[in-house]
Amino acid sequence: MTLTRLDQLKNFLDQEPNDAFLKYAIATEYLSLGHKDKTLRLFEELLIEHPSYLGTYYHLGKLYELFAKKSEAETTYLKGIEVAKGQNNRHALNELQQAYNDLMDVED
C-alpha cells in the first residue's frame, strides 16, 4: 500500500509531535485537498502552540479572508507583522504588510 503525502506527514508528526513545520505542512496539504475547515483549525492551533512560526500568519490571514472574517484576518496580519519585525525577516514582513494593505484597501 502506498502512503499519501498526507499520511507520510502524519507519520513524521507522530515521531516529532512538536515540529511546527510538520504541522504547517499538514495544514497546507489539507488546504490543497480542499479541506478548508480542517486547515483553519490546524493553522489556529499552530499559532497557539508555535506563535513564532512566521509562515502561519500569512496563510491563516488569507484563509480568514476566504471565510469573510475580515477582523480575524486583520488581527492575524498585524500580529504576523510584529513577529516578522521581531525576527528581522524583511521578506515575511513585506508579504504580511502587503496582505494587510490589500485587506484594508490601502494604497501603497
Side-chain angles (χ1 to χ4, degrees):
M1 178 170 110
T2 305
L3 293 176
T4 66
R5 181 180 181 144
L6 182 58
D7 291 331
Q8 290 173 334
L9 290 168
K10 287 180 176 181
N11 286 341
F12 291 143
L13 187 62
D14 287 342
Q15 296 169 23
E16 297 290 334
N18 293 317
D19 188 309
F21 173 76
L22 288 173
K23 290 180 180 185
Y24 174 84
I26 289 170
T28 58
E29 189 65 21
Y30 274 123
L31 185 59
S32 73
L33 295 171
H35 301 289
K36 294 176 185 75
D37 290 327
K38 193 173 282 194
T39 303
L40 180 66
R41 185 175 36 74
L42 288 172
F43 277 147
E44 289 174 336
E45 289 173 8
L46 186 58
L47 279 191
I48 291 167
E49 296 168 6
H50 301 278
S52 65
Y53 194 77
L54 195 49
T56 307
Y57 290 92
Y58 178 85
H59 293 287
L60 179 57
K62 287 296 181 186
L63 203 52
Y64 280 140
E65 287 187 56
L66 186 67
F67 281 103
K69 295 182 174 188
K70 184 177 180 179
S71 177
E72 289 90 337
E74 177 183 2
T75 300
T76 301
Y77 291 141
L78 290 173
K79 179 136 175 60
I81 287 167
E82 292 307 310
V83 172
K85 286 178 182 177
Q87 294 180 11
N88 200 29
N89 186 325
R90 299 194 62 70
H91 177 74
L93 176 60
N94 289 338
E95 283 185 335
L96 288 161
Q97 186 66 60
Q98 187 59 55
Y100 174 79
N101 290 349
D102 290 347
L103 176 70
M104 304 307 288
D105 201 27
V106 174
E107 303 254 342
D108 288 332

Salt bridge (charged side-chain N to carboxylate O under 4.0 Å, His left out) involving Lys85 - partner list, sequence neighbours excluded: Glu82

Qualifying residues under ring-ring contact (aromatic ring centres under 6.0 Å, His included), relative to Phe21, sequence neighbours excluded: none

Hey, could you give me each pair passing side-chain hydrogen bond (donor to acceptor under 3.5 Å, both in side chains) that has a residue in residues 9-20? Not counting sequence neighbours. Lys10-Tyr30

Distance-only donor-acceptor pairs under 3.5 Å for side chains of residues 40-49, two or more places apart:
unit_1 : atom_1 : unit_2 : atom_2 : d
Glu44  : OE2    : Tyr64  : OH     : 2.7
Glu49  : OE1    : Lys23  : NZ     : 2.3

Suppose we screen for side-chain hydrogen bond (donor to acceptor under 3.5 Å, both in side chains). Which residues come up paired with Thr4, at least two apart in sequence or across chains? Asp7

Taking side-chain hydrogen bond (donor to acceptor under 3.5 Å, both in side chains) as the definition, give me every residue that meets it alongside Tyr57, ordered by chain and number, with sequence neighbours left out. none

So, the side chain of Thr28 versus the backbone of Ala25: is there a donor-acceptor pair under 3.5 Å, distance only? yes

Quick check for you: to the nearest 0.5 Å, what is the distance between Leu33 atom CG and Leu6 atom CG? 6.5 Å

Give a yes or no on whether Phe12 atom CZ has more than 12 heavy-atom contacts from other residues, nucleotides or ligands under 6.0 Å away. no

Salt bridge (charged side-chain N to carboxylate O under 4.0 Å, His left out): which pairs involve residues 24-36, sequence neighbours left out? Arg5-Glu29

Taking the six-membered ring for Trp, is the centroid-to-centroid distance between Tyr24 and His50 below 6.0 Å? no

Going by side chain to side chain contact (heavy atoms under 4.5 Å, CB included), Glu74 matches just one of Glu65, Lys79, Met104, Lys69. Which one? Met104

Do the side chain of Thr76 and the main chain of Gly61 share a donor and acceptor less than 3.5 angstrom apart? no

Partner set under side-chain contact (heavy atoms from CB on, under 4.5 Å) for Ala84, not counting sequence neighbours: Leu54, Ala92, Leu93, Leu96

By side-chain hydrogen bond (donor to acceptor under 3.5 Å, both in side chains) - contacts of Lys70 (at least two apart): none

Write out all pairs satisfying side-chain hydrogen bond (donor to acceptor under 3.5 Å, both in side chains) with one or both partners inside residues 87-97, taking only residues at least two apart or from two chains. His91-Glu95, Gln97-Asn101

What residues form a side-chain hydrogen bond (donor to acceptor under 3.5 Å, both in side chains) with Asp102, not counting sequence neighbours? Gln98

Does Tyr58 have more than 12 heavy atoms from other residues, nucleotides or ligands lying within 6.0 Å of its OH? no

First locate atom CG of Leu22, then atom CD of Gln8, and finally report the distance between them rounded to the nearest 0.5 Å. 11.5 Å

